[in-house]
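Everything numeric in this text was worked out from a predicted model, so none of it was measured. Residue numbering restarts at 1 for every chain, and letters A, B, ... go by the order of the sequence lines. The basis for the numbers below is simple: all heavy atoms, side chains too, and nothing from hydrogens, waters or symmetry mates.
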2 protein chains.
Amino acid sequence: MSKYHHGDVRNVLLQQAENILIDEGPAGLSLRRLARLTGVSEAAPYRHFDGKDGILAAVAISAFERFAEQLEIAAASTENHEERVMALGAAYVQFAVENPQHFRLIFGRERPPLDQYPELRDAADNAFDVLQRAVTSVDRKAEMTLTEAATAYNRALAAWSRAHGIAMLVIDGMIVPPADQELSNFVLGLLAEDLTIPASA
Amino acid sequence: MSKYHHGDVRNVLLQQAENILIDEGPAGLSLRRLARLTGVSEAAPYRHFDGKDGILAAVAISAFERFAEQLEIAAASTENHEERVMALGAAYVQFAVENPQHFRLIFGRERPPLDQYPELRDAADNAFDVLQRAVTSVDRKAEMTLTEAATAYNRALAAWSRAHGIAMLVIDGMIVPPADQELSNFVLGLLAEDLTIPASA
DNA sequence: TTTCTTATGTTAACTTCGTTAACATTAAAG
DNA sequence: CTTTAATGTTAACGAAGTTAACATAAGAAA
């Protein structure tokens with residue numbers, strides 16, 4: 001049995017790290033345990049990653065990529081602007097609910113600093129670009145004044161914030177989506193809610 | 001110099017814990033360091049708190065209380081429902097921006113489990129009750145049908161989600177509020193934004 | 001092929017951490 | 001005054017992140 005150079009340690013570590021992250025979160029992801037589970041020495045991970053942050057960064061990058069994919073799919077699902085914003089919001093929340101630990105990783109405090117991991121920064125920027133493009137592109141053919149552009153940007157922020165808030169509150173258990181309803185319908189309802197005062201008292 | 005029973009260890013520990021939390025977050029709050037900074041033995045904190053979670057719970061409780069206070073002040077600032085919702089949202093975000101570590105503590109994953117700290121649960125419930133009452137009480141004198149009540153609840157969730165999303169994204173640095181504008185104005189603008197399609201292209 | 005260099009792996013150590021046990025001292029209750 | 005509970009101490013355990021020192025394998029250079 002050859003102990004040295006099994007050849008795929010990096011990928012195995014990454015996959016195992018992903019598994020641990022999914023059912024225990026970044027807190028439960030200890031390098032030593034990861035090494036033991038992978039069947040490798042406790043210092044081996046340091047040959048492939050820049051310590052714990054390095055592993056978290058790698059996982060976060062792939063999480064950002066999958067996140068961006070889902071958003072792009074949603075953005076491409078319709079030509080109508082309003083529907084697109086709604087679909088994006090629903091996809092945003094759905095990703096968070098289906099991948100709560102990944103979502104927390106890419107938005108939370110245990111995410112390694114973006115300025116220390118350029119690839120991580122790129123992955124993050126890309127995801128948000130997808131969002132912003134899809135929300136702000138009401139009509140790509142129209143010329144926009146500066147004011148209109150600013151408004152579009154604000155609309156993107158507002159939409160993003162709403163979806164993000166719902167996602168966070170749902171995965172933190174502060175909002176419990178009704179069991180008798182599709183999650184996406186519930187989310188769509190919330191997204192469509194505006195806060196102007198209703199007609200009746 | 002009397003080393004034993006200096007009398008106020010619990011409060012000093014709490015205050016010091018608060019200080020550490022503010023500029024390093026829960027991750028940097030180590031019990032041993034806390035004890036050292038407080039000038040007490042490394043096991044002393046265990047006489048006053050239920051381990052690390054106990055200290056975090058205590059800090060979180062006071063954070064929830066201050067949070068609820070701010071929200072109540074905002075809720076009482078106007079009789080108009082729409083203005084009240086806006087004021088609440090602005091206060092919500094302002095608390096998060098002024099106390100990012102506390103905000104993260106009470107909403108994040110390092111918050112001790114609510115079901116293990118009843119006082120923490122109460123503090124949390126109280127804060128959210130303040131929110132929900134202020135948002136849903138359009139007109140307390142009017143009788144509401146079930147449907148109207150459900151709508152009111154949804155409106156509360158929508159408002160809460162928006163404010164929460166803005167708060168999170170701002171303190172995480174994903175949204176950078178414009179420097180040439182009051183934070184509250186920026187937030188109010190975002191809160192008022194609705195996502196129906198604009199008239200012009 | 002043989003040698004040198006680099007990548008990859010191992011073991012062992014260092015520091016810090018949370019937590020608990022065993023013991024010491026003080027304050028308060030009886 | 002005596003007893004007891006509260007509050008403090010030191011010392012230890014196991015786990016963690018990280019690094020240094022060393023070992024082996026793979027590939028380039030000779």
TODO: Can you see which heavy atom on B/Ala60 is nearest to which on B/Ile106, and at what distance?
DONE: O-CG2, 3.8 Å

Show me the side-chain donor-acceptor pairs of residues 43-59 of chain B shorter than 3.5 Å, one per line, residues at least two apart or across chains.
from    : atom 1 : to       : atom 2 : distance (Å)
B/Asp50 : OD2    : B/Tyr117 : OH     : 3.2
B/Lys52 : NZ     : B/Leu29  : O      : 3.0

Task: Separation of D/dA20 P from A/Glu42 CD (nearest whole Å) - done: 18 Å

Task: A/Asn11 versus A/Asp8, side-chain donor and acceptor atoms under 3.5 Å - done: yes

Open item on the list: Tell me which one of B/Phe64, B/Phe107, B/Phe67 satisfies ring-ring contact (aromatic ring centres under 6.0 Å, His included) with B/Phe95.
Closed with: B/Phe67

TODO: Among residues two or more places apart or on two chains, list those pairs meeting salt bridge (charged side-chain N to carboxylate O under 4.0 Å, His left out) that have a residue in residues 167-177 of chain B.
DONE: B/Arg104-B/Asp172

Open item on the list: Looking at A/Glu98, I'd like to know if its CD atom is crowded, meaning that more than 12 non-hydrogen atoms belonging to other residues, nucleotides or ligands lie closer than 6.0 Å.
Closed with: yes

Open item on the list: Rounded to whole Å, please give me the gap between CZ in B/Arg10 and P in D/dA6.
Closed with: 14 Å

- [ ] Please determine if B/Arg84 and B/Glu79 form a salt bridge, counting it only when a charged side-chain N lies under 4.0 Å from a carboxylate O.
- [x] no

Task: Neighbour count above 12 (heavy atom, 6.0 Å) for A/Glu182 CD - done: no

Task: Nucleic acid contacts - residues 46-63 of chain A versus DNA chain D, non-hydrogen atoms under 4.0 Å - done: A/Tyr46, A/Arg47, A/Gly51, A/Lys52

- [ ] Can you tell me which residue pairs pass the salt bridge (charged side-chain N to carboxylate O under 4.0 Å, His left out) test with a partner in residues 31-44 of chain A, sequence neighbours excluded?
- [x] A/Glu24-A/Arg33, A/Arg32-A/Glu42, A/Arg36-A/Glu42

Open item on the list: Angle between the end axes of the helix from C/dT1-D/dA30 to C/dG30-D/dC1, five pairs per end, to the nearest 10 degrees?
Closed with: 0°

- [ ] Could you tell me the separation between the OG atom of B/Ser62 and the CD atom of B/Gln15, rounded to the nearest 0.5 Å?
- [x] 9.0 Å

Task: Residues from residues 28-37 of chain A lying under 4.0 Å of DNA chain D - heavy atoms - done: A/Leu29, A/Ser30, A/Leu31, A/Arg32, A/Arg36

